[in-house]
There are 2 protein chains.
Amino acid sequence: MTRLLLVEDDEALVSTLRLTLPAHGFDVHATGRGGDALVLARTFQPDVAIVDLGLPDVDGLDVVRALRAESDLPVLVLSARDAQHDKVGALDVGADDYVTKPFGMDELLARLRAALRRASPADRVIVFRTDHLVIDRTARRVERDGEQVHLTPTEWGVLEALLRFPGRVVTQRDLLHDVWGSQYVDEVAYLRVYVAQLRRKLEVLPAAPRHLLTEPGVGYRFEP
Amino acid sequence: MTRLLLVEDDEALVSTLRLTLPAHGFDVHATGRGGDALVLARTFQPDVAIVDLGLPDVDGLDVVRALRAESDLPVLVLSARDAQHDKVGALDVGADDYVTKPFGMDELLARLRAALRRASPADRVIVFRTDHLVIDRTARRVERDGEQVHLTPTEWGVLEALLRFPGRVVTQRDLLHDVWGSQYVDEVAYLRVYVAQLRRKLEVLPAAPRHLLTEPGVGYRFEP
DNA sequence: AGGTTTCCTGATGAAATCTTGACGCCCCGA
DNA sequence: TCGGGGCGTCAAGATTTCATCAGGAAACCT
């Protein structure tokens, strides 16, 4: 059970989340007052937090800052405003993601999963090495047989999303969501083009790939 | 056979459930009085409970609380009222799900399955190991004698549905419902084809299976 | 503005997967 | 002994999913 701390004053939203999130494996603790958030975080020891920016008592950003100051707890920020500077501010302060109200439950769940995933240790591996490849995630560099390979932003995005779970299947849906965003989760054709592109650049024999593998009907897998 | 404790005073509903649930692999014990629920839970040792909130003698919520206090038995709450605060109260007290009367049998079964799935430790077991097999559920990988085996989406779906209750029989109906959907629950032929396929890929001697076992007239069973 | 890179999109043939029907086996009751 | 139901196996279509290419639009850089 993933422990989730919810800092939100909108009663209706709180009960909606209390009803739906447990069904997806979350153990929800909620408070409407930002001042309580820090204390709750210490006692409840959540795995992830959702913080509304529009709290009555304190600035939501302060809550996020306080939470991040004590731990590397992944934090999702909720806001009614879609203003760009809000988003930037939240992310600057250390939030992991930003969701604008109103939002669909599917989107929230996907982002929660993504936030948790990023916090997982697998994400900390910086450099990948295989027989022919060297992939440096922080430097955004890829070498094949010692020669640097140039990847476009989207190509890199797909590769990085796959690298998040080396050896595991990543569903088409998750890949599309991570790279293109929630409204593109059905555009499977995009993926095909970019996986083909990546294979051409990274694989020795693109027609018989050894690292970028297809899992028909499900997604793709990066095999180290 | 999954043991189900039913705490319900509506005679008509009790007999309906007594008639239909056994066909889906449930062994039903029922009582109309909340006061008896706890005693029954101790002697009968159910795997899951359904509790009606509108009992004549005691508050249904107290029953749920009492049950949860002794064990982590998954509890489904039934209620005629759809009021939001009832729902929240029930879930706060530790119920796993909330079903409003009237409800369809399909819905109830789906929620029962979901509740069991969540509660069952099997869901937390990520990697299954047997003499020859390694099955990693999150990575969606299967190895037989060290060699990776490729499964199609449907094959994987059937295997996963069986793995949800290792060592127990899963009815053909449930398997078909989980993998193909509710309108395919009678297509037993599908199952035969895919179980055969799985045996060919997973069993050392497909003709004498040791893990994917048939329970004639009922369903199939995965024996670890 | 001009040139370049990147992205989207539709078309095509190939591959993988699913469905479906046929057939034989085994067990059990008539 | 015969017949029927449930089961396992097989393989031929039917269907879905993939890989690849390339032109044109859009975005980017200078």
Side-chain angles (χ1 to χ4, degrees), chain A residues 140 142 148-162 169-176 178-181 183-223, chain B residues 23 140 142 148-162 169-173 175-181 183-222:
Chain A
R140 272 193 170 230
V142 179
Q148 182 158 1
V149 177
H150 171 74
L151 297 186
T152 72
T154 308
E155 287 163 6
W156 177 260
V158 173
L159 179 60
E160 202 176 31
L162 285 171
V169 181
V170 185
T171 65
Q172 300 174 336
R173 212 186 158 72
D174 280 352
L175 286 168
L176 286 162
D178 273 12
V179 180
W180 280 268
Q183 63 262 52
Y184 296 88
V185 290
D186 293 321
E187 302 289 348
V188 188
Y190 293 7
L191 270 182
R192 299 214 181 100
V193 172
Y194 281 91
V195 170
Q197 212 104 340
L198 280 171
R199 283 188 181 136
R200 201 145 48 79
K201 293 186 178 180
L202 305 183
E203 297 278 4
V204 179
L205 292 167
R210 299 185 49 196
H211 302 296
L212 292 165
L213 306 182
T214 305
E215 208 73 33
V218 186
Y220 294 88
R221 189 155 56 92
F222 180 87
E223 198 65 36
Chain B
R140 205 183 173 287
V142 179
Q148 183 158 359
V149 177
H150 174 79
L151 298 186
T152 71
T154 308
E155 288 162 4
W156 177 260
V158 172
L159 179 61
E160 208 176 28
L162 286 171
V169 183
V170 185
T171 65
Q172 299 176 334
R173 215 184 155 72
L175 285 168
L176 287 162
H177 185 276
D178 271 14
V179 180
W180 280 268
Q183 63 261 53
Y184 295 86
V185 290
D186 293 320
E187 301 288 348
V188 189
Y190 291 7
L191 271 181
R192 299 214 182 98
V193 171
Y194 280 92
V195 170
Q197 210 104 335
L198 279 172
R199 282 188 181 136
R200 200 146 49 78
K201 292 187 177 180
L202 305 183
E203 297 279 5
V204 180
L205 292 168
R210 300 184 48 195
H211 303 295
L212 292 164
L213 307 181
T214 306
E215 209 72 34
V218 187
Y220 294 88
R221 186 157 57 92
F222 180 88

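Order of the sequence lines fixes the chain letters, A, B, ..., with proteins taken first and strands second; residue numbering starts at 1 for each chain.
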Phosphate OP1/OP2 of C/dC8 contacted by A/W180 side-chain N/O (<4.0 Å)
yes
How would you list all residue pairs meeting salt bridge (charged side-chain N to carboxylate O under 4.0 Å, His left out) that involve residues 205-221 of chain A, not counting sequence neighbours?
A/D131-A/R210, A/E215-A/R221, A/E215-B/R140, A/R221-A/E223
Between B/L198 (CG) and C/dC18 (C1'), how many Å, whole number?
14 Å
Any residue meeting salt bridge (Lys or Arg N to Asp or Glu O under 4.0 Å) with B/D186, in chain and number order, not counting sequence neighbours:
B/R173
Sorted by chain and number, sequence neighbours left out, ring-ring contact (aromatic ring centres under 6.0 Å, His included) with A/Y220 holds for none
Value in whole Å for how far the C1' atom of D/dT9 lies from CD of B/E203
16 Å
Using whole Å, what does the distance between atom C1' of nucleotide D/dG8 and atom CG of B/L213 come to?
15 Å
Protein heavy-atom contacts under 4.0 Å, written 5' to 3' over nucleotides 22-30 of chain C as B (base), S (sugar-phosphate only) or - (none), form the string ---------
Verify side-chain contact (heavy atoms from CB on, under 4.5 Å) between A/H211 and A/L198, making sure each step is shown before the conclusion.
CA-CA 10 Å; A/H211 302 296; A/L198 280 171; over 6 Å; no
Summary of side chain to side chain donor-acceptor pair (under 3.5 Å) pairs that have at least one residue in residues 187-196 of chain B, sequence neighbours excluded:
none
Give the C-alpha distance, both sets of side-chain angles, the deciding distance and a yes or no for side-chain contact (heavy atoms from CB on, under 4.5 Å) between B/V195 and B/L175.
CA-CA 11 Å; B/V195 170; B/L175 285 168; 5.9 Å; no
Enumerate the salt bridge (charged side-chain N to carboxylate O under 4.0 Å, His left out) contacts for residues 150-160 of chain B, please, sequence neighbours excluded, ordered by first and then second residue.
B/E155-B/K201
Would you kindly give the NZ-to-P distance between B/K201 and C/dA16, to the nearest whole Å?
11 Å
Taking all non-hydrogen atoms of both residues, which atom of B/P206 and which atom of B/R200 are closest, and how far apart?
CG-CA, 3.9 Å
Partners passing salt bridge (Lys or Arg N to Asp or Glu O under 4.0 Å) against B/E203 (at least two apart in sequence or in another chain):
none
Does the side chain of A/V170 reach to within under 4.5 Å of the side chain of A/D178, using non-hydrogen atoms?
no
Taking only heavy atoms on the protein side, list every residue of residues 149-160 of chain B lying under 4.0 Å from any atom of DNA chain C, sorted numerically.
B/H150, B/T152, B/P153, B/T154
How does each nucleotide of nucleotides 13-30 of chain D score, in 5' to 3' order, for protein heavy atoms under 4.0 Å: base (B), sugar-phosphate only (S), or none (-)?
----SBBB----------
With sequence neighbours left out, the residues meeting side chain to side chain contact (heavy atoms under 4.5 Å, CB included) with B/V179 are B/T154, B/V158, B/A161
Shortest non-hydrogen contact from B/P153 toward A/G217:
CG-CA, 4.1 Å
Rounded to whole angstroms, how far apart are CD on B/E187 and P on D/dC7?
14 Å
Overall bend - the helix from C/dA1-D/dT30 to C/dA30-D/dT1, comparing terminal axes fitted on five pairs, nearest 10 degrees
30°
Below 4.0 angstrom from OP1 or OP2 of C/dC7, is there any side-chain N or O of A/Y190?
no
Between P of D/dG6 and CG of B/L191, the distance in whole Å
14 Å
Which residues pass the side chain to side chain contact (heavy atoms under 4.5 Å, CB included) test with A/V204, sequence neighbours left out?
A/H132
